[in-house]
Amino acid sequence: MTQENNFIDKAIKQNMDDKKYCYKYPHPAVTTDCVIFGFDGEKLKILLIQRGIEPYKGKWAFPGGFLKPEESAEHGALRELKEETGLDNAYIEQFHSYSEPDRDPRERVITIAYLALVKLQEVKGGDDAADARWFAIDNVPQLAFDHDLILRDALARLRERIHFHPIGYDLLPEKFTMKALQTLYESVLDVRFDRRNFAKKMLHLDILTQLDETIWPTPKREANLFKFNLDKYRELKQRGFRLEF
């Protein structure tokens, strides 16, 4: 009787394995896309890959691809990011999903979008990406699929976040000028600030430490260098704040 029960159990398990992912309901495919922002000291930039395969071969898009059955969405996003651009160990945050039925001409595809802020680094196209390149945010080519919409949403999320969480540590070098920090905020928000008012607001947050070092951005002007007070920075990032300009 025990052998018969074991045989039945094995038969049931085999039957279940054979029918894995074969329910009667339609199965949309799932992809991930990564919106990666960088900053070159003057302009906000976005990381794009040039598609090497159809659909939209030759067009620019966000790094991403189809999710494997055994991986989480975040793991799949990081895998595709590394395979297509060489970028590794980015801290990504999920910010939205896109599920319009006709967003992908191949089949019904739902994508989970992630956002990250990283220091600029060299990237190289790999896997099915013919190229990978940083683009200034004001010079982005027309994107494949619905990635123009995804970019608009990611920018809106970043601009919203900048009022409630400090940014800069992931985008600026370890030492930077107040002008560089101001330029970063201006690039994100697409506005211009009064230099003295901006510096006053930033120093009031107590997230900056002024160093006993200066540089000469121009032959006629000396500028103080700052770095982030990481303890205060992380505290404000954790609990948030309200920054009005």
Side-chain angles (χ1 to χ4, degrees), residues 19-40 43-118 120-159 188 190:
K19 293 183 178 298
K20 197 174 185 180
Y21 309 119
C22 295
Y23 301 110
K24 65 180 179 180
Y25 303 103
H27 291 107
V30 180
T31 60
T32 59
D33 287 296
C34 292
V35 184
I36 310 296
F37 290 106
F39 181 65
D40 68 356
K43 290 187 175 183
L44 188 68
K45 295 205 166 186
I46 194 78
L47 177 59
L48 299 175
I49 59 102
Q50 188 177 41
R51 290 183 56 79
I53 59 173
E54 296 291 353
Y56 300 106
K57 183 177 180 180
K59 295 289 187 180
W60 292 91
F62 292 123
F66 286 93
L67 196 63
K68 295 180 179 180
E70 70 276 8
E71 63 186 358
S72 68
E74 181 174 340
H75 184 273
L78 290 171
R79 173 182 55 76
E80 287 285 351
L81 182 60
K82 183 176 181 179
E83 289 176 355
E84 293 190 332
T85 71
L87 192 64
D88 198 9
N89 297 322
Y91 174 74
I92 58 175
E93 297 179 12
Q94 186 179 144
F95 74 92
H96 202 54
S97 62
Y98 297 84
S99 59
E100 288 299 316
D102 59 350
R103 60 174 304 276
D104 192 310
R106 293 168 291 189
E107 59 177 319
R108 177 72 192 276
V109 177
I110 296 171
T111 198
I112 302 170
Y114 287 84
L115 183 150
L117 308 177
V118 304
L120 281 185
Q121 54 190 278
E122 184 179 352
V123 292
K124 184 178 181 181
D127 194 29
D128 56 2
D131 193 7
R133 196 181 306 172
W134 292 98
F135 286 84
I137 204 66
D138 59 358
N139 191 34
V140 175
Q142 184 175 2
L143 302 179
F145 303 104
D146 56 354
H147 290 192
D148 288 302
L149 170 62
I150 295 176
L151 176 57
R152 290 197 299 271
D153 289 347
L155 272 171
R157 176 63 63 89
L158 181 59
R159 287 167 178 164
V188 172
D190 194 25

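All values below come from the heavy atoms of this structure, side chains included, with hydrogens, waters and symmetry mates left out. These figures come from a predicted structure and were not determined experimentally.
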In a check of side chain to side chain contact (heavy atoms under 4.5 Å, CB included) between Trp134 and each of Thr85, Asp40, Ile46, Ile36, which one passes? Ile36

Is the CD atom of Glu54 crowded by more than 12 outside heavy atoms at less than 6.0 Å? yes

So do the side chains of Leu149 and Arg103 get within less than 4.5 Å of each other, counting heavy atoms only? no

Atom CG in Asp138, atom CG in Asp190: separation rounded to 0.5 Å? 8.5 Å

Partner of Tyr114 by side chain to side chain contact (heavy atoms under 4.5 Å, CB included), out of Glu93, Gln94, His96: Gln94

Report yes or no: does Arg108 contribute a side-chain atom to a donor-acceptor pair with the main-chain N or O of His27 at less than 3.5 Å? no

Check this for me: Glu107, atom CD, are more than 12 non-hydrogen atoms of other residues, nucleotides or ligands nearer than 6.0 Å? yes

Nearest heavy-atom pair of Val118 and Ala90: which atoms, and what distance? CG1-CB, 4.2 Å

Exceeds 12 heavy-atom contacts within 6.0 angstrom, atom CD of Glu100: no

Side-chain heavy-atom pair Phe145, Val109 within 4.5 angstrom cut-off: no

In Å, rounded to the nearest 0.5 Å, how long is the span from CG of Leu81 to CG of Asn89? 10.0 Å

Over all atoms of both residues, closest heavy-atom pair of Asp104 and Pro55: OD1-CG, 4.5 Å

So, taking the atom named OG1 in Thr31 and the one named CG in Leu67, what distance separates them when rounded to the nearest 0.5 Å? 8.5 Å

Heavy-atom check, side chain of Arg79 versus side chain of Thr32, under 4.5 Å: no

Run the side chain to side chain contact (heavy atoms under 4.5 Å, CB included) test on Asp128 and Arg51 for me, step by step, so that the C-alpha distance in whole Å, both residues' side-chain angles and the decisive distance to 0.1 Å come before the verdict. CA-CA 7 Å; Asp128 56 2; Arg51 290 183 56 79; 5.6 Å; no

Can Leu78 and Lys82 be said to form a side chain to side chain contact (heavy atoms under 4.5 Å, CB included), step by step? CA-CA 6 Å; Leu78 290 171; Lys82 183 176 181 179; over 6 Å; no

Can any side-chain N or O of Glu84 pair as donor or acceptor with the backbone N or O of Ala132 at less than 3.5 Å? no

Decide yes or no for Leu158 and Val35: does some side-chain heavy atom of the first lie under 4.5 Å from some side-chain heavy atom of the second? no

Side chains of Tyr98 and Asp33: donor-acceptor distance under 3.5 Å anywhere? no

To the nearest 0.5 Å, what is the distance between CZ on Phe37 and CG on Leu117? 7.5 Å

Ring pair (Phe, Tyr, Trp, His ring centres under 6.0 Å) contacts in which one or both residues fall within residues 62-92, not counting sequence neighbours: Phe62-His147

Quick one: do Ile49 and Glu80 satisfy side chain to side chain contact (heavy atoms under 4.5 Å, CB included)? Show the steps, please. CA-CA 11 Å; Ile49 59 102; Glu80 287 285 351; over 6 Å; no

I want to check something: taking the side chain as every heavy atom from C-beta on, are Lys43 and Ile137 in contact at a cut-off of under 4.5 Å? no

Measuring from atom CD1 of Ile150 to atom CG of Leu143, what distance do you get when rounded to the nearest 0.5 angstrom? 9.0 Å

Nearest non-hydrogen partners of Pro26 and Pro28, listed with the distance: O-CD, 3.5 Å

Using every non-hydrogen atom in the two residues, find where Pro141 and Asp148 come nearest and quote the distance to one decimal. O-OD1, 4.3 Å

Could you walk me through whether Val188 and Arg159 pass the side chain to side chain contact (heavy atoms under 4.5 Å, CB included) test, one step at a time? CA-CA 6 Å; Val188 172; Arg159 287 167 178 164; 4.0 Å; yes

